[in-house]
Amino acid sequence: MRRNWLAWAWLGLPILYFCLLFAVPLIDLLRMGFSKPLPQRITGGDFSLDNFVEIFTNPLYRDTLWVTIRIGATVALATLLLGYPLALFLARTQSRAKGFLLFLTLSPIFISVVVRAYGWIVLLSNKGLVNSALMQLGLITRPVRLIFNETGIVIATTHVLLPFMVLAIMGSLQSLDIALEDAAASLGARRWQVLRDVVIPLSLPGVAAGVMLVFILGVSSFVTPILLGGQVVLTMPVLALQQFTTAFNWAFGSAITLFLLAAVLGITIAYDRLLQGRLARGAA
Amino acid sequence: MATNLVLEKVSRGFGQLTAVNNIDLHVQPGEFLALLGPSGCGKTTMLRLIAGFLSPDSGRILCDGEDITKLPPYRRKLGVVFQNYALFPHMTVLENVGYGLKVAGVPRVEATSRARAALARVGLTTQDDRFPAQLSGGQQQRVALARALVIEPRLLLLDEPLSALDKSLREEMQVELRQLQQRLGITTIFVTHDQEEALTLSDRVAVMRAGRIEQLGTPREVYDTPVNSFVATFLGTTNLLDGTVAAVADGVASVRIANAEFPFPAASFRPGQAVQVTLRPENVSLASSGSGIAGTISDVLFQGHRLIVLFEAEAGGEWRAFCPPNSGPWHKGEPVWMGWTEGAAAIISKGDDDA
């Protein structure tokens, strides 16, 4: 009995933490989102659908949502294309440098997002390293615009989120029995056939998790879009932040946040449903 | 015609460890050969070298005279059955079995009918559309076997394929495997640490230890006339008796063990040499009077199908005898004489093992 009591006590603290720091703010967000924006009260007034009427009727918000999702999807695809070969290499290498290479892969996580964003600005600006190198090589005559647009956001966010994709894929590759690859080879499958028929299909759960994770982190990030989008490219989190910090309209900011939350949740559930059927075979 | 396989001075190490040490081996066409030994003896490494999953540090591997040492596994055309079957979990039974044909570019219709035929051959016809996780261990084993056989491999390599099955199913599969191998006449190499399985299934057994083949022979040869105490003790239970060669005459060595002398057919022994004799407990004959090694019964254990009689020699040493359950009666503490019929014990010259 005493043990049981203790177990609940242990669980109590996380529950309390979760309620205070997640549930309560979320409820508050819901209340503010569905309230009438008032100039004299930034947390909004009585219940009202005004905010959502504005979001659904003003094309700015629909366009911004589209830009946000496009950036998230592009980043997910880019991290997948870059991350899969890297994860495959890291999961299979016998090299002694494996630990170091893994550390290098994860290193973006250890540096502040702000520092990384400024680093990318230095690299990608009109007089930055990338443009200088391309001009020196004679590939371009005028600098290509790589920051303060979507390209810059995608490049920097890909860098930020690549480790998550690599870790997700590596997880499923490492749990894959090497004997399966040997079996395929003994049956006459060449290396690329083994990859196509065995390794890739069986690592799809990791790929699916990685894509989902990177997409969600991508559409909800705001530091990189603000710094590399230069407030010119608007994404949903940037819009929401503006409402909270410069327009002082928390009610509308909450509505934007809820709208993004609902959109992402919808996409996530649809994606999950779509994959469930296909992955069930591999997971069985 | 079945394939023969030759290993010429094949070695393979892992860092400091020499897993396979300068092995020469000729496997006859159609032969069922078991590689038997304790874990870490190099038997699995040897199988992986033959399959091409590992390459030897030195030596050659020849298949029907063709040097396959440097050939990648996908070009060797060998059927491999893995310890945990290594079935593709995302493919159905039929897709698993048909995979080798698919990558070989066999048209789909033909591949399907050949895969079905292979499944029929292993006695599994109603599970085509199931996934491996939905099958029992024995069924998975059959799928793995069908998958390996469908590509009409030159050799069949089996890596402890029965070890994951429970005892009764294992015995059933042993018989089936042997019958299938005989019917197909395919040269088969079988890795196992189970001595009984090796004896039951194979035409010849290679008993391995520390990367070397200690003895290669028919099950009867390695069981009845082990070359050293390692082989003698690894295959079943045995009594190792210390003795001294008393005299050698006309190809017969007279060996003194405890208080008695026993004749052995032997050529290369000299008087005074210390030898060891291996005597299987089932070959021991006990008598309550007469000649032989004198001693006392220290315990009698009833096992249902037999009695284990523990025997303590007057001259020192405790040995055991397996007797029919209705023999005796033997009683603890009784004096008894131990002997054996000629040819039932084999001599091992001392010091040629524990290397």
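Comparing B/Leu157, B/Ile151, B/Val103 by heavy-atom pairs within less than 4.5 Å of chain A, the highest count is held by B/Val103. Your options are A/Asp182, A/Val194, A/Leu180, and the one with the most heavy-atom pairs under 4.5 Å with chain B is A/Asp182. Annotation: maximal heavy-atom pairing with chain B below 4.5 Å, among A/Ala183, A/Ala184, A/Ala179, occurs at A/Ala183.
Annotation for A/Phe100: atom CZ does not count as buried by contact number, only 12 or fewer foreign heavy atoms lying within 6.0 Å. Atom CZ of B/Phe14 has more than 12 neighbouring heavy atoms from other residues, nucleotides or ligands inside a 6.0 Å radius. More than 12 heavy atoms of other shown residues, nucleotides or ligands fall within 6.0 angstrom of atom CZ in A/Arg196.
Between A/Asp197 and B/Lys102, some side-chain heavy-atom pair lies under the 4.5 Å cut-off.
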Begin from the C-alpha positions of A/Ile178 and B/Phe53 and carry the test side-chain contact (heavy atoms from CB on, under 4.5 Å) through to its verdict.
-> CA-CA 11 Å; A/Ile178 296 279; B/Phe53 304 142; over 6 Å; no
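Between A/Leu202 atom CG and B/Met91 atom CE the span is 8.0 Å, to the nearest 0.5 Å.
Neither the backbone nor the side chain of B/Leu101 comes within contact range of chain A; no heavy atoms are under 4.5 Å apart. For a residue to count as touching a neighbouring chain, one of its non-hydrogen atoms must lie under 4.5 Å from one of that chain's; by this rule B/Leu78 touches chain A with the backbone only. Proximity to chain A is limited to the side chain of B/Arg48, based on heavy atoms less than 4.5 angstrom apart. Contacts between A/Asp177 and chain B at a heavy-atom distance below 4.5 Å involve the side chain alone, from C-beta outward. Contacts between B/Asp159 and chain A at a heavy-atom distance below 4.5 Å are absent for every atom of the residue.
Here the closest heavy-atom approach between residue A/Arg190 and residue B/Tyr74 is recorded as CG-CE1, 3.4 Å. Closest approach of A/Leu187 to B/Ala148, counting heavy atoms only: CD2-CA, 4.5 Å.
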